Amino acid sequence: MSEPATTPEPRALNFIEDIIEADRVTEKHQGRVLTRFPPEPNGYLHIGHAKSICLNFGLGIRYGGATNLRFDDTNPTKEEQEYVDSIKADVEWLGFAWKAEFYASDYFQTLYDFAEHLIQIGKAYVCDLSEEQIREYRGNFFKPGQDSPYRNRDAAENLDLFRRMRAGEFPDGARVLRAKIDMQSGNMNLRDPLMYRIRRAHHHRTGDAWLIYPLYDYAHGVSDAIEGITHSICTLEFEDHRPLYDWFLAQDTEEKFFQRPLPRQIEFARLNLTYTVMSKRRLLLLVQEGHVQGWDDPRMSTISALRRRGFTPASLRNFAERVGVAKRDSLTDVALLEHAIREDLEKTAPRRMAVLRPLKVVITNMAEGETHWLELANHPDPVFGTRKVALTRELWIEAEDFMDVPAKKWFRLAPGAEVRLKGACLIRCEDVIKDTNGQVIELRCAWDPASLGGDAPDGRKVKGTLHWVSAAHAVEGEVRLYDRLFTAEDPMDVAEGGDWRDTLNPHSLDVLAEAKLEAGLAEAQPGERFQFERLGYFCTDQDTKPGAPVFNRTVALKDSWARAEGLGK
RNA sequence: UGGGGAGUGGUCUAAUGGUAGGACAACAGAUUCUGAUUCUGUCAGGUGAGGGUUCAAAUCCUUCCUCCCCAACCA
């Protein structure tokens, strides 16, 4: 686990905390708070899950309680151990420790026993209708359902049939177990919902022990109740499942199956972020259709992608804290996420110099072979120490730091202009070398030796400071710049006949294969984070090889010059 | 023609009958060997609309409008 999450800063309580505090006043749970994070292991977690993780574990921490990690593995055809492993890694990386690791499949026997109990008290029955017939009998929003012809089988027959379902006497799909509630209900979830289906599938944990598997609505609440969860937090779309959640638990008429008080389901609005999509299904399509290179492609909104991109657990936790928790649908500006990571990395990332698009500078009044070793600060905060960087006659600077015909208020390099090389000296541009196409290929500059390591003795000031790398010492590396994956704020909000993939940003990845990096960066380890001076925050990618470093840009620095320029000011 | 939710500056979120506050974004200035950071200031909502109750309404009542979710043997 990375840095563990701690009790958050004081702030106004959200509505879930209000509920918990009210429960504490009435001593409903004797002060106990136990939440759970219940992922289905059928895909990778994304930043929306991160919000839910921070919420659930955060409540446990805040109220001196705990949180269980429970895999909702009731559908063996979709679930895999690979996902279990990645989910655990993600939760740990975010800085949270679960009290216990459970699986819905741990409760298959109890779930089965409770189902028999429901049959015995006349609240569940085996239905022989086909899948299609069940749908027809269910009606729709405007048409009430009609009772299944099998609805009034007696308990003994139901029990016999259910046991034979379990024993494998019927083919897949032949029969289901249904709760007997109300086929007329306006809430479709209450029209005799399915509890069990027959499915001969290999389960990632129970193997071939079971031929029948419970469905979510039945398994989830029961699992919560078995564990003694106090507050069961989920997203808004489960709001009209709540009556069903409560109904199942209320069937423990003799209070033999669950401890009291029963858990309470509370729903909050899921996270949406501008310029991205947030569903496992669409994320999977992005991977399958090759729009990105994998689940952890740094452009993705998965936790593994954000990690690879260079986000820190603390920044994600702070982000989750700031977006808040409420019940209204919202679309959070990705700028808030970017703020959270800049805020963290500004304080923690060592500074380095890297030139992404190199332009050669020759210091004409410096001898060949002349080398000045400079002591550069690793960070504005002196506790980060210093490092040695070489200054020589031939340098690389950022191509965009030179303008042949300078714009208004331009205070970087231009013909005749003087600028500071960060941590080194002042140089003045004396000559501009161009190729036959008129492209600037080299700058001839003169340095002021008296300014070495500081200011010019005559006190003259320069406005511009550039980052630079000694050509003789630079290592070459690959730098991957990422932009938003979609060009639309809400990719789902497409015009009639359009598709969310229409708004994919064709320029979301820009690979700079010949960046010039200061020598020390050759030893950067995967996962190490830096600020490249004046450019942004970067994280060493796992593709890094000895002598061939690869960096991902986590986020650019704020750039008021680029902004002003873009606005034509 | 059903059921369940939600509407507060551009975005997210607070206020629990008593001055509509915070964060992000934006804008301006100061500082700065990162056009970063930091600091200061500004901007901007009368709370979806109408009606009502009240000394007082985002909060209570009422009518209406808009948006989201639900008709998988998915979760």
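Values in this document were obtained by computation on a predicted structure and should not be read as measured data. Chain naming here is simple, since letters A, B, ... match the order of the sequence lines and numbering starts at 1 in each.
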N/O donor-acceptor pair, side chain A:R322 with base B:U13, under 3.5 angstrom: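 No, the side chain and the base share no sub-3.5 Å donor-acceptor pair.
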
Greater than 12 external heavy atoms within 6.0 Å of A:Q288's CD: yes

Test side-chain hydrogen bond (donor to acceptor under 3.5 Å, both in side chains) applied to A:D483 - qualifying residues, sequence neighbours left out: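 Counting only residues at least two positions away or on another chain, A:D483 forms no side-chain hydrogen bond (donor to acceptor under 3.5 Å, both in side chains).
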
As a test of reading the structure: which of [options] is closest to the side chain of [X], going by heavy atoms?
X      : options             : result
A:V176 : B:G3, B:C12, B:C73  : B:C73
A:Q531 : B:A36, B:U34, B:U13 : B:U34
A:D240 : B:A25, B:C69, B:U34 : B:C69
A:S330 : B:C73, B:U13, B:U34 : B:U13
A:D559 : B:U34, B:G35, B:C24 : B:G35
A:K409 : B:G35, B:A26, B:A75 : B:G35
A:R534 : B:C73, B:A14, B:U34 : B:U34

Ring geometry between A:W500 and A:F486 (parallel below 30°, tilted from 30 to 60°, perpendicular above 60°):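 It falls in the tilted class, 30° to 60°.
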
Which whole-number value in Å describes the distance from [X] [atom1] to [N] [atom2]?
X      : N     : atom1 : atom2 : answer
A:R242 : B:C69 : CZ    : C1'   : 13 Å
A:W561 : B:U32 : CH2   : P     : 21 Å
A:F411 : B:A36 : CZ    : C1'   : 12 Å

First of A:E533 and A:K327 reached from the 5' end of RNA chain B, by closest nucleotide: A:K327

Earlier contact from the 5' end, RNA chain B, for A:D455 and A:P39: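 Looking at RNA chain B, the more 5' nearest nucleotide goes with A:D455.
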
Span that lies between the P atom of B:U40 and that of B:G51, in whole angstrom: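 43 Å, rounded to whole Å.
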
C1' spacing across the pair B:A20 / B:A44, given as an integer number of angstrom: 13 Å

Secondary-structure notation, RNA chain B, from Watson-Crick and G-U pairs under 3.5 angstrom (| other strand): .((((((..((((....[..)))).(((((.......))))).....(((((..]....))))))))))).....

Touch class at under 4.0 angstrom, heavy-atom based, for A:L331 against every strand present: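 Touches sugar-phosphate only.
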
